K.L.:
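Quick one: this structure, given as structure tokens, is what I'll be asking you about.
Because the structure is predicted, anything quoted here is derived from the model rather than measured. Just follow the structure's listing: the first ligand is 1, and inside any ligand the first atom is 1.
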Amino acid sequence: MTGHPHAFLRTLSGEVLSPPPIWFMRQAGRYLPEYRAVRKEAGSFLDLCYNPELACEVTMQPIRRYDLDAAILFADILLIPDALGLDVWFAQGEGPRLEPVFAPEVLDRLDPANIHDRLSPIYETVERVRSELVPEKALIGFAGAPWTVATYMIAGRGSKDPSALRAFAYEHEDAFNDLIDMLVTTTAAYLIRQVQAGANAVQIFDSWASGLPEPFFRRYCLEPVRRIAEMVKVVVDVPVIAFPRACGPLYEDVAAEPLFAGVSIDTGLPWAWAAKHLSPHGAVQGGLDPLLVVQGGEPMREAARGLLKAFAGKPFIFNLGHGFVPHTPPENVAELVSLIRDHKG
Ligand code: 1CP
């Protein structure tokens with residue numbers, strides 16, 4: 001069964017739809033056999049990101065399989081450091097690696113002036129996807145939030161212990177502020193180009209926004225993302241979704257920011273709290289534990305029904321609290337989608 005036309009964008013403008021629109025973080029990726037086949041053909045992960053034909057193909061795969069309401073551009077948050085001139089590579093089975101910014105001097109080498117030279121294939125992917133996708137479905141552009149991208153740049157990889165990164169920010173405050181500013185400007189320019197190429201909304205992923213002191217969160221997570229939204233909206237008129245993963249009660253301040261049409265909630269945020277404190281400010285997206293989809297069966301169905309109930313009567317976009325993991329069975333995803341589509345609320 002298909003969803004409502006334009007359901008994703010309508011929900012972001014405050015409309016309440018039942019069933020709600022559906023898309024999933026990491027809906028394209030290793031859990032799909034058709035993705036693994038294209039990934040093999042492409043060579044490295046970065047080769048895939050920078051190949052418009054193949055990146056368009058993997059963006060479309062989950063739409064064809066599940067008839068979701070929105071496609072998300074296939075790319076990665078680390079393309080910005082790559083375009084700035086930092087060495088970025090993806091070690092097989094180990095996740096991303098970057099040349100670490102161990103000293104502020106490394107930042108002097110970065111070149112924000114020419115990022116579009118490197119990123120132009122991404123804009124071509126957006127154009128291709130937009131022309132393949134039916135008009136009733138949305139295309140989501142995205143980028144990483146400055147804080148999250150900075151954590152990878154400083155640590156040289158995904159970081160289990162973000163305290164070392166705060167130490168860098170405190171110790172080299174001027175250099176760190178310059179880095180955040182550079183990421184704000186380049187990310188806004190990157191998102192504007194994605195929208196001009198055909199993206200209908202943008203999401204900003206702040207995956208490492210948890211566990212920060214409140215003033216630090218406001219200064220380095222909320223404020224830079226707010227500035228990006230402001231810069232984007234001066235040029236193009238699209239809804240912006242913020243995903244400050246696991247920031248707890250600070251979600252309320254993020255949701256209250258009028259520049260964000262919606263917020264994406266993580267796996268740990270209580271749904272009743274979110275419905276009460278976030279929904280009055282706009283659309284809420286997300287929430288389902290991606291590991292329940294690995295498991296499937298009644299626990300998955302029960303959680304999905306609970307999530308629909310928690311946000312009944314509110315503008316809500318069905319999604320996960322974080323991305324699918326590689327061992328997710330695709331048939332569980334199919335079952336989840338049909339359960340939501342058949343829901344009468
Ligand atoms: O081997 C492979 O094929 C690479 C696996 C993979 C994929 C499929 C990576 C490496 N990135 C992606 C695509 C990707 N990354 C998308 C595409 C669209 C979709 O959702 O379908 C998006 C939106 C991202 C965003 C991204 N990359 C984030 C933010 C969301 C999140 O998961 O928190 C982050 C933190 C990254 C960094 C990154 N890139 C790849 C991996 C495995 C990671 C995370 C590693 C870590 O936990 O540190």
K.L.:
Within the distance-only criterion (no hydrogens, no angle test), does the side chain of Glu57 pair as donor or acceptor with the backbone N or O of Leu54 below 3.5 angstrom?
P.N.:
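Side chain of Glu57 to backbone of Leu54: no pair is present.
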K.L.:
Please report which non-hydrogen protein atom sits nearest to atom 1 (O) of ligand 1, along with the residue it belongs to and the distance in Å to one decimal place.
P.N.:
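Its nearest protein heavy-atom neighbour is Arg39 NH2, 3.0 Å.
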K.L.:
Determine, using heavy atoms of Tyr152 and all atoms of ligand 1, whether some pair is separated by less than 4.0 Å.
P.N.:
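So Tyr152 counts as touching ligand 1.
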K.L.:
With respect to atom 5 (C) of ligand 1, which of Met25, Gln27, Arg30, Lys40 exhibits the smallest heavy-atom separation?
P.N.:
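Result: the heavy atom closest to atom 5 (C) of ligand 1 is in Arg30.
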K.L.:
Evaluating non-hydrogen atoms only, which member of Phe45, Trp23, Phe142, Phe205 is closest to atom 7 (C) of ligand 1?
P.N.:
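Going through Phe45, Trp23, Phe142, Phe205 one by one, Phe45 has the nearest heavy atom to atom 7 (C) of ligand 1.
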K.L.:
Is the side chain of Asn332 donor-acceptor paired with the backbone N or O of Val294 at a distance under 3.5 Å, no angle test?
P.N.:
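Yes: the side chain of Asn332 pairs with the backbone of Val294.
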K.L.:
Tell me the salt bridge (Lys or Arg N to Asp or Glu O under 4.0 Å) pairs involving residues 310-338, sequence neighbours left out?
P.N.:
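Matches after skipping sequence neighbours: Arg301-Glu335.
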K.L.:
Got the closest protein heavy atom to atom 14 (C) of ligand 1, with its distance?
P.N.:
Ala75 O, 3.2 Å
K.L.:
Return the orientation label for the Phe318 and Phe316 ring planes: parallel under 30°, perpendicular over 60°, tilted otherwise.
P.N.:
perpendicular
K.L.:
What is the nearest protein non-hydrogen atom to atom 27 (N) of ligand 1, stated with its residue, atom name and distance?
P.N.:
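Of the protein heavy atoms, Asp76 OD1, 2.9 Å lies nearest.
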K.L.:
So for atom CD, which belongs to Gln295, do other residues, nucleotides or ligands contribute more than 12 heavy atoms lying within a distance under 6.0 Å?
P.N.:
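At most 12 heavy atoms, drawn from other residues, nucleotides or ligands, come within 6.0 Å of this atom.
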K.L.:
Students should be able to answer this: which protein heavy-atom is nearest to atom 29 (C) of ligand 1, and at what distance?
P.N.:
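Protein heavy atom at minimum distance: Ser207 OG, 3.2 Å.
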